[in-house]
Amino acid sequence: MNEEELREGLRSEMAGITPPPPLSTTAALGAARRTHFRRRAVWASLGSAAVVLAVTGFAAVATPDGHVYQPAGQGPLTPPDASGDTKEPWPNGPDGKPQEDRTARAGSKYDQGVHLLTEAVSVVPSGYTAPEDPPNQSAEERMLRTHQAQFEAKVDGVDVWSYSSSVAVAQGEGTGRVIVEVHDAGNQLPTEPCDLAQKFWGMRGACQVETVGAVRVGVVVRPGDDDRLDQWSAYRHPDGVVVFVAQGVRLDESRPALTKLPFSVPQLAALAVDERFHLK
């Protein structure tokens with residue numbers, strides 16, 4: 001087919017096709033807005049899930065960029081069935097049989113988690129309250145006061161555990177939270193105060209070293225891009241036990257935030273050294 005025949009064939013073909021309707025600017029903008037709304041809804045749902053899981057304590061969360069917050073100083077303690085396989089059995093529970101997963105549901109380790117929660121409630125400052133969950137709620141449904149004991153690793157033949165508690169702290173119409181997390185001696189976390197503080201839940205921020213008596217405590221006074229918490233302190237005891245104490249003005253998206261944090265920076269640093277959180 002020569003060029004003239006090709007052009008004639010194209011004209012004939014185009015003449016036989018029904019032309020599309022003219023572009024509607026209003027329709028195009030409406031479609032664009034709907035697409036944008038759907039994308040924001042997906043991101044919002046993922047963000048809300050991360051917040052709720054972090055508040056209820058203790059879950060590993062994958063964000064839209066693929067990052068996963070892990071336990072052992074890298075994130076909230078993992079839920080019972082999110083830890084995956086292991087090459088060796090879980091520690092024995094109080095019945096003498098291996099646990100089903102990382103989480104202790106009874107026995108001395110579980111009791112340590114309960115004890116840590118009790119001590120965390122005891123440090124709520126004057127002028128604030130620590131509301132409780134309804135008595136008929138199951139452990140999985142509780143949000144205002146939660147605790148967990150979790151096996152982390154076996155180091156030199158010794159089981160290393162971590163314990164975490166989250167306490168809702170209310171004042172007026174606002175509700176925030178205080179979190180205490182303790183890691184057994186033998187953990188592989190850093191020693192230098194600010195290096196240690198930057199390991200809490202994998203979050204980073206502006207850190208300063210506070211002196212409490214004769215010891216040095218790392219305190220992140222302003223977080224980076226991660227807004228799950230507002231401030232946290234970190235201290236390694238001479239025996240190797242590590243204590244993190246964190247505070248945030250918001251418990252979750254469904255409640256108004258506090259107008260101010262419960263503790264000052266020096267108070268937050270002192271809590272990391274407090275013997276009530278020095279679990280042995």
Do [X] and [Y] have side chains that approach each other closer than 4.5 Å (heavy atoms only, starting at C-beta)?
X: Met203; Y: Leu229; result: yes
X: Val123; Y: Arg276; result: yes
X: Phe263; Y: Leu271; result: yes
X: Glu132; Y: Arg145; result: yes
X: Asp226; Y: Arg204; result: no
X: Val219; Y: Val217; result: yes
X: Leu189; Y: His183; result: yes
X: Val220; Y: Gln231; result: no

Fill in: side chain to side chain contact (heavy atoms under 4.5 Å, CB included) evaluation trace for Val215 with Val273
CA-CA 8 Å; Val215 303; Val273 180; 3.9 Å; yes
Using a 3.5 Å distance criterion without hydrogens, assess whether the side chain of [X] forms a donor-acceptor pair with backbone atoms of [Y].
X: Gln198; Y: Gly205; answer: yes
X: Ser233; Y: Leu268; answer: yes
X: Gln171; Y: Gly127; answer: yes
X: Gln267; Y: Ser264; answer: yes
X: Asp159; Y: Lys154; answer: no
X: Gln188; Y: Gly186; answer: yes

Determine the minimum heavy-atom distance between [X] and [Y], stating which atoms define it.
X: Pro190; Y: Arg236; value: O-NE, 3.3 Å
X: Leu117; Y: Thr146; value: CD1-O, 3.7 Å
X: Val241; Y: Val182; value: CG1-CG1, 3.7 Å
X: Asn187; Y: Gly240; value: ND2-O, 3.0 Å
X: Ala130; Y: Val121; value: CB-CG1, 4.3 Å
X: Lys109; Y: Ala104; value: CB-CB, 4.0 Å

Nearest-0.5 Å distance, [atom1] of residue [X] to [atom2] of residue [Y]:
X: Arg177; Y: Leu251; atom1: CZ; atom2: CG; value: 6.5 Å
X: Arg228; Y: Ile179; atom1: CZ; atom2: CD1; value: 9.0 Å
X: Asp252; Y: Met143; atom1: CG; atom2: CE; value: 4.0 Å
X: Phe244; Y: Leu196; atom1: CZ; atom2: CG; value: 4.5 Å
X: Gln148; Y: Ser162; atom1: CD; atom2: OG; value: 8.0 Å
X: Arg250; Y: Arg255; atom1: CZ; atom2: CZ; value: 11.0 Å

Item to complete: Could you give me the CA-CA distance, side-chain angles and deciding distance for Val167 and Leu144, then say whether side chain to side chain contact (heavy atoms under 4.5 Å, CB included) is met?
Response: CA-CA 6 Å; Val167 178; Leu144 302 179; over 6 Å; no
Worksheet, complete the sentence: salt bridge (Lys or Arg N to Asp or Glu O under 4.0 Å) filter on Glu192, not counting sequence neighbours, yields none
Discussion item. Among residues at least two apart in sequence or on other chains, which ones pass salt bridge (Lys or Arg N to Asp or Glu O under 4.0 Å) with Asp111?
Written reply: none
Discussion item. Using the rule given for side chain to side chain contact (heavy atoms under 4.5 Å, CB included), can you reason through Gln247 versus Asp230, listing the C-alpha separation, both sets of side-chain angles and the distance that settles it, and then say yes or no?
Written reply: CA-CA 6 Å; Gln247 61 180 347; Asp230 295 294; 5.5 Å; no
Worksheet item: Applying the 4.5 Å side-chain criterion to the ILVMFWY set and letting contacts propagate, would Val160 and Trp201 be lumped into a single cluster?
Response: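 Result: no, two separate clusters.
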Worksheet item: So if you build clusters from Ile, Leu, Val, Met, Phe, Trp, Tyr with side-chain heavy-atom gaps below 4.5 Å, do Tyr128 and Val249 land together?
Response: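 Same cluster: Tyr128 reaches Val249 through Ile, Leu, Val, Met, Phe, Trp or Tyr contacts under 4.5 Å.
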Worksheet item: Mind checking whether Trp90 and Phe151 have parallel, tilted or perpendicular rings, split at 30° and 60°?
Response: perpendicular
Practice prompt. Quick one: sort the Tyr163 and Trp161 rings into parallel, tilted or perpendicular, breaks at 30° and 60°.
Written response: parallel
Discussion item. For Phe277 and Leu116: C-alpha separation, side-chain torsions, deciding distance, then whether side chain to side chain contact (heavy atoms under 4.5 Å, CB included) applies.
Written reply: CA-CA 7 Å; Phe277 301 142; Leu116 184 63; 3.8 Å; yes
Discussion item. Are more than 12 heavy atoms, taken from residues, nucleotides or ligands other than Asp156, located less than 6.0 Å from that residue's CG atom?
Written reply: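 No, the 6.0 Å shell around CG holds no more than 12 heavy atoms from other groups.
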Item to complete: Taking atom CG of Asp225 as the centre, report whether more than 12 heavy atoms of other residues, nucleotides or ligands fall under 6.0 Å from it.
Response: no
Worksheet item: Step by step, would you call Glu275 with His278 a side chain to side chain donor-acceptor pair (under 3.5 Å)?
Response: CA-CA 5 Å; Glu275 280 297 318; His278 187 190; 3.1 Å; yes
